Amino acid sequence: MAELMVRDGTWTFDDEVVRIVPGRERGVHKLRQDLGEFTVPLAAIAGIAYEPARKGGRLRLRLRDGADPLLQVTGGGLPDEANPYQVAVDAARVDVADYFVDAVRQALMLEQIPDGPTDRYLLPGPSVPLTAAGVDGIATFDGERVHLEWRWNTSETKRHWGPRDFDLADLEAVEWRAAAGLESGYLRFRTHGATERLKPEHDPNSIELWGFKKESGTTALLAAAVAARLPHPAAGAEKALTTTALTARSQGAPALTPPAPKTAGAAPADDHDALLRRLRELGELRRDGILTEEEFTAAKAAVLERFHTGG
């Protein structure tokens, strides 16, 4: 087992999961502490790296796109000090950080974990109930319903609508954006069929955010908790792929046709990446029962032939 203890918290790895326990010292970001202890399954990890600096460095855990609802809704908007998947490492623990990186990378290689996107959340999201405060309102979520209450300084538009309640069935998505420059951020609950996009200060389905303060970081956690209970954004694309493959099989055509060969010359690096992605797709289609073993073997052979010949 690999273990790294730093000011931001403790990371341990047991060949199956990375367990992250936030630090409780003064200066550790409140979002980390509010998120609490959680585990990251190996299947959700795309990579890990240690970035050296003049004094110590930073350890970063990279998750597969779509694996974590918190990263999904924040879209890279979390500052380093709030991001639970990276920690500052002091000079005395650099060797431990290197060992941790090697242990995780070896497990990823042995288990052949793909680093591509997922079509379902592999982490459960923050625990509920949650309450989060913005500039002009307060949101609460109990796992089934979202409730918005407005502050005294809210706009007349929002005041006219009054308090808002949304069942999960009412929601198509939840959106979170940090403030950028003079533009306000927002926590928005998008209902089915909604097309009009108002500014956050006038949108009765949004709470306005100014900056990323330690006290208001729980808006991101609340957004992630709601997102974890809604359909995954990539689920529709996967369903469409499955439907197309099934239709092709019913018409007697191959479920997945390998790319047409090129006439000459070595395949560029991005072409190799596309071929690797195609191999992963083939494996997933076989796993889901869409491809028979014979169809999988034939399609795989065609892809590998092109990969090795570079043509």
Side-chain angles (χ1 to χ4, degrees), residues 11 13 16-20 31-32 35 38-51 58-80 82-87 101 104-105 107-126 171-178 180 185 187-188 190 212 217 219-245 256 269-288 290:
W11 289 20
F13 178 60
E16 295 183 356
V17 300
V18 174
R19 180 169 170 261
I20 298 178
L31 184 146
R32 293 178 186 263
L35 181 58
F38 65 101
T39 58
V40 184
L42 189 65
I45 300 174
I48 187 171
Y50 172 71
E51 302 170 355
R58 185 169 291 275
L59 184 64
R60 298 180 188 270
L61 191 66
R62 183 168 61 88
L63 269 60
R64 297 170 62 189
D65 289 344
D68 177 30
L70 177 60
L71 296 184
Q72 182 74 25
V73 297
T74 55
L78 295 177
D80 285 350
N83 191 327
Y85 298 108
Q86 53 183 280
V87 290
V101 168
V104 175
R105 285 179 175 173
L108 290 172
M109 181 181 63
L110 290 175
E111 297 297 329
Q112 297 184 334
I113 303 298
D115 61 1
T118 71
D119 62 351
R120 62 188 182 278
Y121 292 122
L122 303 178
L123 281 83
L171 299 178
E172 181 179 358
V174 56
E175 301 172 356
W176 182 93
R177 295 292 182 275
L187 169 63
R188 172 180 288 140
R190 196 171 77 231
F212 193 95
T219 57
L221 297 182
L222 190 146
V226 175
R229 291 162 174 81
L230 295 177
H232 193 283
E238 177 68 15
K239 182 177 180 181
L241 174 64
T242 301
T243 301
T244 300
L256 188 62
D270 56 351
D271 217 25
H272 280 184
D273 290 341
L275 293 173
L276 290 173
R277 287 195 299 272
R278 184 59 60 90
L279 286 173
R280 287 196 291 268
E281 291 172 358
L282 286 171
E284 291 171 358
L285 290 172
R286 180 184 63 170
R287 180 198 65 199
D288 294 338
I290 298 169

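Quick note: residue numbers are just sequence positions, from 1. For clarity, every value in this text was computed on a predicted model and none was experimentally measured.
One distance of note links CD1 of Ile45 with CG of Leu63; it measures 6.5 Å at 0.5 Å rounding. In this structure, CD on Gln86 lies 10.0 Å from CG on Leu61, to the nearest 0.5 angstrom. For the atom pair CG of Leu123 and CD of Gln72, the computed distance is 12.0 Å after rounding to the nearest 0.5 Å. Interatomic distance, Asp68 CG to Thr74 OG1, rounded to the nearest 0.5 Å: 8.0 Å. We find the CZ-CZ distance between Phe38 and Arg32 to be 9.0 Å, quoted to the nearest 0.5 Å. A distance of 8.0 Å separates CG in Asn83 from CG in Leu70, rounded to the nearest 0.5 Å.
Scanning all heavy atoms of the two residues, the minimum distance from Pro84 to Leu78 falls at CD-CD1, 4.3 Å. Taking both residues in full, the closest heavy atoms of Pro41 and Val17 are given as CA-CG1, 3.9 Å, listed atom of the first, atom of the second, then distance. Across all their heavy atoms, Ala227 and Pro69 have their closest contact at CB-CB, 4.4 Å. Residues Leu108 and Gly47 come closest through the heavy atom pair CD1-CA, 4.2 Å. Considering all non-hydrogen atoms of both residues, Ala220 and Leu31 come closest at CB-CD1, 4.3 Å. The minimum heavy-atom distance linking Leu187 with Thr219 is given by the pair CD1-O, 4.0 Å.
Counting only distance, with no hydrogens or angles, the side chain of Arg64 and the backbone of Ala46 share no donor-acceptor pair below 3.5 Å. Proximity of a side-chain donor or acceptor of Arg190 to a complementary backbone N or O of Glu175 within less than 3.5 Å is not detected.
Below 30°, between 30° and 60°, or above 60°: for His232 and Tyr121 the angle between ring planes is between 30° and 60°, a tilted geometry.
More than 12 heavy atoms of other shown residues, nucleotides or ligands fall within 6.0 angstrom of atom CZ in Arg105. For Glu172, the CD atom sits in a packed shell: over 12 heavy atoms of surrounding residues, nucleotides or ligands are nearer than 6.0 Å.
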(request) Quick one: do Leu35 and Ile20 satisfy side-chain contact (heavy atoms from CB on, under 4.5 Å)? Show the steps, please. (result) CA-CA 10 Å; Leu35 181 58; Ile20 298 178; over 6 Å; no

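In this structure, the side-chain contact (heavy atoms from CB on, under 4.5 Å) partners of Arg19, at least two apart in sequence or on a different chain, are Thr12, Val21, Glu37, Thr39. Among residues two or more places apart in sequence or in another chain, the ring pair (Phe, Tyr, Trp, His ring centres under 6.0 Å) test is passed with Tyr50 by none.
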